[in-house]
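So the structure is just underneath, and the comments pick up after that.
Please read all numbers here as calculations on a predicted model, not as lab measurements. As the structure lists them, so they are numbered: ligands from 1, and atoms in each ligand from 1.
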Amino acid sequence: MAIRGWRPVAAAAVAAARPGGGGPGRGPGAGPAWGAAPEPVPEPAAPATAALYVHWPYCRKRCSYCNFNKYVVPAVDESAVGACLVQEARTLLRLSQVQSITSVFFGGGTPSLASPRTIAAVLEAVAGAAHLPASAEVTLEANPSSASPARLAGFRAAGINRLSIGVQSLDDAELRLLGREHTAAEARGAVEAARRLFPGRTSIDLLFGLPGQSQDAWAQGLAAALGLCDDHISLYQLTLERGTALAAQVWGGTLPAPPQDLLADMYQTACAMLVAAGFRHYEVSNFARKGALSTHNLSYWRAEQYIGVGPGAHGRFVPWGEGGRSREARVQTLEPDAWMQEVQSRGHGTRRRVVLSPLEQLEELLALGLRTDEGVTHERWGQFSPQLSLEAVFGEPGEAQDLQQQGWLLLDGGGLRCSVRGLALLDSLLPDLLCQLQRRWAPPAAPGWGAGAARRSPTGDRAGGEAAGVVSGGCGE
Ligand SMILES: *[C@@H]1O[C@H](CO)[C@@H](O)[C@H](O)[C@H]1NC(C)=O
Ligand code: SF4
């Protein structure tokens with residue numbers, strides 16, 4: 001459900017903070033570890049658990065701001081798509097050799113357009129190939145226009161136990177501007193029906209920073225949403241994406257672009273209102289009360305394993321079943337018809353596999369972990385870096401200490417995390433921290449490692465951001 005905002009930038013920062021060269025042991029000219037570079041780290045043992053993401057690529061209509069991997073087609077061959085999702089889930093579960101699935105998330109596209117039967121078939125396949133505990137969070141993203149009480153009841157019977165509803169706004173004029181299919185009244189109806197069926201487990205998405213939206217209009221909209229919502233809210237700043245109708249209107253001068261300082265004020269206002277209403281600001285874009293945090297998304301931010309099924313889905317896991325020993329980034333084929341053909345002929349549609357180096361894994365851990373209020377704990381860091389502690393990297397004079405002195409960052413017994421103020425600025429803090437990490441990992445003075453080598457970006461999951469592909473700047477030396 002094309003929600004974006006603060007997320008993608010973190011991945012851009014990961015890429016931006018990487019100079020053209022590779023890390024130790026990588027790229028042309030990469031030799032053995034030298035100088036003060038740490039000993040090669042033994043790969044961590046693969047945990048026997050993973051989260052599972054399932055992508056439903058279709059939508060009925062194109063929203064004006066959306067550049068997600070979604071397709072608007074006259075007729076979806078649902079039984080064929082469903083069979084391929086089932087097949088690919090089985091294959092990837094086998095390749096990962098995961099014993100137990102901790103959560104499942106159906107995203108899209110508009111997965112609430114799939115029939116409950118298809119959702120049930122995928123969940124049955126998962127439960128047949130791995131353990132799927134009854135307590136596991138199983139979320140479906142739903143659009144108000146495909147969330148009638150009867151459909152929602154069908155999804156619940158299929159095994160869904162949490163809903164994430166793409167409300168986006170409770171103002172009809174805003175919804176029209178966004179090109180959404182639903183009205184404010186329909187959004188209210190959907191949330192109310194969802195709360196009856198999934199009490200305490202209904203989340204809503206809201207967008208802010210629409211062209212022409214005032215601070216007051218946003219605050220009023222959020223207040224209305226607070227009167228409607230359950231215990232979880234995700235807030236996204238609208239971003240203008242190339243190739244979308246909305247961006248064309250703004251760049252063509254027909255609609256005003258929201259000024260940066262207004263966007264920052266809107267975000268701060270929202271945080272204050274939500275905290276006052278009892279919500280914990282547990283991640284840059286996410287708020288929960290009564291402990292209703294999304295465990296699925298937390299597993300991304302904690303850099304746990306996850307498997308991505310469906311066109312364009314991303315995964316991070318150790319493919320033990322293929323003889324793999326280290327964590328890989330995987331991306332499935334984007335285009336649904338091509339993806340289906342691949343699944344039909346070889347059981348899965350994995351388009352790209354990249355083994356992540358230990359440094360890349362730490363970069364992701366940092367970029368994602370710092371998005372949460374718990375930050376990167378010592379324990380989690382130690383799982384990825386048994387030899388070089390958080391203290392050893394960030395406790396010495398350098399960027400992290402400066403940021404601590406300025407009140408943006410904390411490093412203590414709990415680990416490394418942003419202060420409340422720092423969370424809003426994470427995207428500008430990250431490049432400095434990534435530079436410090438790279439320096440400690442492999443001193444820049446070391447000659448001859450892959451300078452100028454073309455560098456791919458290993459990131460690109462929706463939790464960590466779209467594939468960034470931005471390699472600019474780099475660390476000062
Ligand atoms: C949670 O993860 C799903 C699946 O990757 C994604 O579509 C969704 O936007 C994420 N939600 C939040 C609140 O970050
Ligand atoms: S419902 Fe709209 S915003 Fe969501 S994926 Fe489809 S086109 Fe994009």
* To do: Go through the steps to decide whether E342 and R346 satisfy the test salt bridge (Lys or Arg N to Asp or Glu O under 4.0 Å), and finish with yes or no.
  => CA-CA 6 Å; E342 290 168 30; R346 56 183 173 107; 3.2 Å; yes

Among the heavy atoms of [X], does any lie under 4.0 Å from an atom of ligand 1?
| X | answer |
| --- | --- |
| E141 | yes |
| Y236 | yes |
| S234 | yes |

For residues 117-131, please give each side-chain donor-acceptor pair under 3.5 Å, one per line with the distance, not counting sequence neighbours.
| residue | atom | partner | partner atom | Å |
| --- | --- | --- | --- | --- |
| T118 | OG1 | E78 | OE2 | 2.4 |
| T118 | OG1 | S115 | OG | 3.4 |

For ligand 2, which atoms, with element, lie under 4.0 Å from some heavy atom of [X]?
| X | answer |
| --- | --- |
| G109 | 5 (S) |
| N143 | 1 (S) |
| T110 | 1 (S), 6 (Fe) |
| C66 | 3 (S), 5 (S), 7 (S), 8 (Fe) |

Under a 3.5 Å cutoff, is there a donor and acceptor pairing between the side chains of Q305 and S96?
no

Residue pair N143 / R180, side-chain donor-acceptor N/O under 3.5 Å
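Result is yes, a qualifying pair exists.
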
### Query
For ligand 2, is there an atom lying under 4.0 Å from some heavy atom of R60?
no

With a cut-off of 2.8 Å, does any N, O or S atom of C63 fall short of it relative to atom 8 (Fe) of ligand 2?
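Given the 2.8 Å cut-off, C63 does not count as a ligand of atom 8 (Fe) of ligand 2.
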
Can you name the atoms of ligand 1, numbered from 1 with element, that are less than 4.0 Å from a heavy atom of [X]?
| X | value |
| --- | --- |
| Y300 | 2 (O), 4 (C), 5 (O) |
| N286 | 12 (C), 13 (C), 14 (O) |
| Y53 | 4 (C), 5 (O) |
| W301 | 14 (O) |

From the list R353, R352, H348, side chain to side chain donor-acceptor pair (under 3.5 Å) with T350 holds only for H348

ask   = Taking side chain as C-beta onward, heavy atoms only, is Y267 less than 4.5 Å from Q237?
value = no

Discussion item. Can you check which of V284, L293, N297, V54 brings a heavy atom nearest to atom 10 (C) of ligand 1?
Written reply: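 The residue whose heavy atom sits nearest atom 10 (C) of ligand 1 is N297.
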
So for C59 against ligand 2, with non-hydrogen atoms under 4.0 Å, the contacting part is side chain

- Of the side chain and backbone of K61, name the one, both, or neither that has a heavy atom under 4.0 Å from an atom of ligand 2.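 Answer for K61: backbone.
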
Step by step, work out the side-chain hydrogen bond (donor to acceptor under 3.5 Å, both in side chains) result for N69 and Y71. CA-CA 7 Å; N69 181 34; Y71 298 82; 3.0 Å; yes

Tell me if the aromatic rings of Y306 and Y300 count as close, with their centers under 6.0 Å from one another.
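Aromatic pair counts; centres sit under 6.0 Å.
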
(Q) Is the distance between the ring centroids of H232 and Y282 under 6.0 Å? (A)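 Ring centres of H232 and Y282 closer than 6.0 Å.
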
What one should report as the nearest heavy-atom pair of T91 and G347 is OG1-O, 2.6 Å

